[in-house]
Peer 1: 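Here's a structure for you.
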2 protein chains.
Amino acid sequence: MDSAERLIESARELLWERGYVGTSPRAVQERAGAGQGSMYHHFRGKPDLALAAMRRNSAELRAQAEAQLSSGETAFDRLGTYLLRERDPLRGCRVGRMAMDPDVVADETLRQPVRETFDWLRGRLTEIVAEGVAAGELRAGLDPSDTAAAVAAVVQGGYVLARAAGSRQPFDEAVRGAMGLLDAARPATG
Amino acid sequence: MDSAERLIESARELLWERGYVGTSPRAVQERAGAGQGSMYHHFRGKPDLALAAMRRNSAELRAQAEAQLSSGETAFDRLGTYLLRERDPLRGCRVGRMAMDPDVVADETLRQPVRETFDWLRGRLTEIVAEGVAAGELRAGLDPSDTAAAVAAVVQGGYVLARAAGSRQPFDEAVRGAMGLLDAARPATG
DNA sequence: GTCTATAGCCAGATAGAC
DNA sequence: GTCTATCTGGCTATAGAC
């Protein structure tokens, strides 16, 4: 693994742990075992390196989510696979975390990978809910787009509750709660 | 309003806008129109001032939430009042934001007001869901604690989605989605 | 209570040697 | 490509005068 690669990987980790504001080029270099000169040779500066790291984080998240969202027979199963997948709630979401960072949100370029990731996720969830409704598996009154946003929000909000509590319990409760509500929206049981 | 008061108010605003890591004592002093000496006379340092500001943010949030959670005839109405209350999603939550801050989460003292706020909120929501279930207004299978966590998470996650999108739309969708799912959990309509 | 001075360290970046 | 030197300025805090 060359220097540029190690710098990106280190930036990925630090952005996840400490956010954009809390991550310094110095700290990234140190973790990567690279010097100042190396970093500024490969990247224009902090925003440039962070962008490369964030794009990789986004791609990774999307690949994982897609795997879960396409796994399961029914729409309800696929939503369940996504919601109940094993996560580390106290670590939070490596992409969603960036949305709380003032310097990321203020910069259109830096925000782009974050925006695209969640646009895609909500779109994908919307499709699945719509399939469920079309198949009569979820009640007809359910708005696919709204329901999809709620599902995505439960996961992101679950991270907030878990980190606030210092325990994964609120996260687990929140996703179970979402599953319970989705279950209530099944005509067969509702 | 004296200096100490202005410092706390300025810290409140900056913590909301930029988080703990992104807020410097210098910036707080500048916004408050107070000097170094004044700040370090009234507070031991950055953590001490931040703690005072966070406690006030927590108290304010709790008072607002309690007002909404006690407004409405039925449990379903009270949850609706809470979820659909007017918010500024792009600004995010002044308490939940702190849960994403590494230096806050790492320090038990700083995390305390954040933890207490969400412990209280989830507890309060749990009571309301339990009342709804007991009254036959929400289906019996619904777990009060899990459902409460899901409701709280939708709001916190809605902020993440809105800030990622640069638009309040995903937030509004998420809370409408949550309302739709709660509606599906009413025996009368489900 | 508030001011100014001072301190040591870090952020973020540039320049030029190798 | 990577190194070291250097720069400006901000962070967080302390000390002592007023």
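All of these numbers come straight from a predicted model, not from anything done at the bench. In what follows, every chain begins at residue 1, and chains take the letters A, B, ... in the order their sequences are listed.
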Peer 1: Please check: side-chain N/O of R12(B) versus main-chain N/O of M54(B), any donor-acceptor pairing under 3.5 Å?
Peer 2: no

Peer 1: Whole-Å distance between dG12(C) P and R44(A) CZ?
Peer 2: 17 Å

Peer 1: So R139(B) and V133(B), do their side chains get closer than 4.5 Å, heavy atoms only?
Peer 2: no

Peer 1: Round to a whole Å and report the spacing from NE2 of H41(B) to P of dT4(C).
Peer 2: 17 Å

Peer 1: Rounded to the Å, how far apart are R18(A) CZ and dA11(C) C1'?
Peer 2: 13 Å

Peer 1: Rounded to whole angstroms, how far apart are CG on L49(B) and C1' on dT12(D)?
Peer 2: 13 Å

Peer 1: To the side chain of Q36(B), which of dG1(D), dA13(C), dT12(D) is closest?
Peer 2: dT12(D)

Peer 1: Checking the side chain of E137(B) only, and the main-chain atoms of A75(B) only, is there a donor and an acceptor separated by less than 3.5 Å?
Peer 2: yes

Peer 1: Select one nucleotide: of dC11(D), dT14(C), dA11(C), the one nearest the side-chain heavy atoms of S24(B).
Peer 2: dC11(D)

Peer 1: Measure CG/D103(B) against P/dC11(D) and give the value in whole Å, please.
Peer 2: 15 Å

Peer 1: Whole angstrom is fine here: how far is it from CD in E30(B) over to C1' in dC11(D)?
Peer 2: 14 Å

Peer 1: Which heavy atom in A149(B) sits nearest to a heavy atom in L161(A), and how many Å separate them?
Peer 2: O-CD1, 3.6 Å

Peer 1: Using atom CE of M39(B) as one end and atom P of dT2(C) as the other, report the distance to the nearest whole Å.
Peer 2: 13 Å

Peer 1: If I take atom CG in residue L14(B) and atom P in nucleotide dG10(D), what distance separates them, rounded to the nearest angstrom?
Peer 2: 16 Å

Peer 1: Of the candidate nucleotides dT12(D), dG1(D), dA13(C), which contains the atom at the shortest distance from the side chain of R26(B)?
Peer 2: dT12(D)

Peer 1: Would you say a side-chain N or O of S3(A) is under 4.0 Å from OP1 or OP2 of dT2(D)?
Peer 2: yes

Peer 1: Using heavy-atom distances to pick each residue's nearest nucleotide on DNA chain C, tell me which of G37(A) and P25(A) is more 5'.
Peer 2: P25(A)

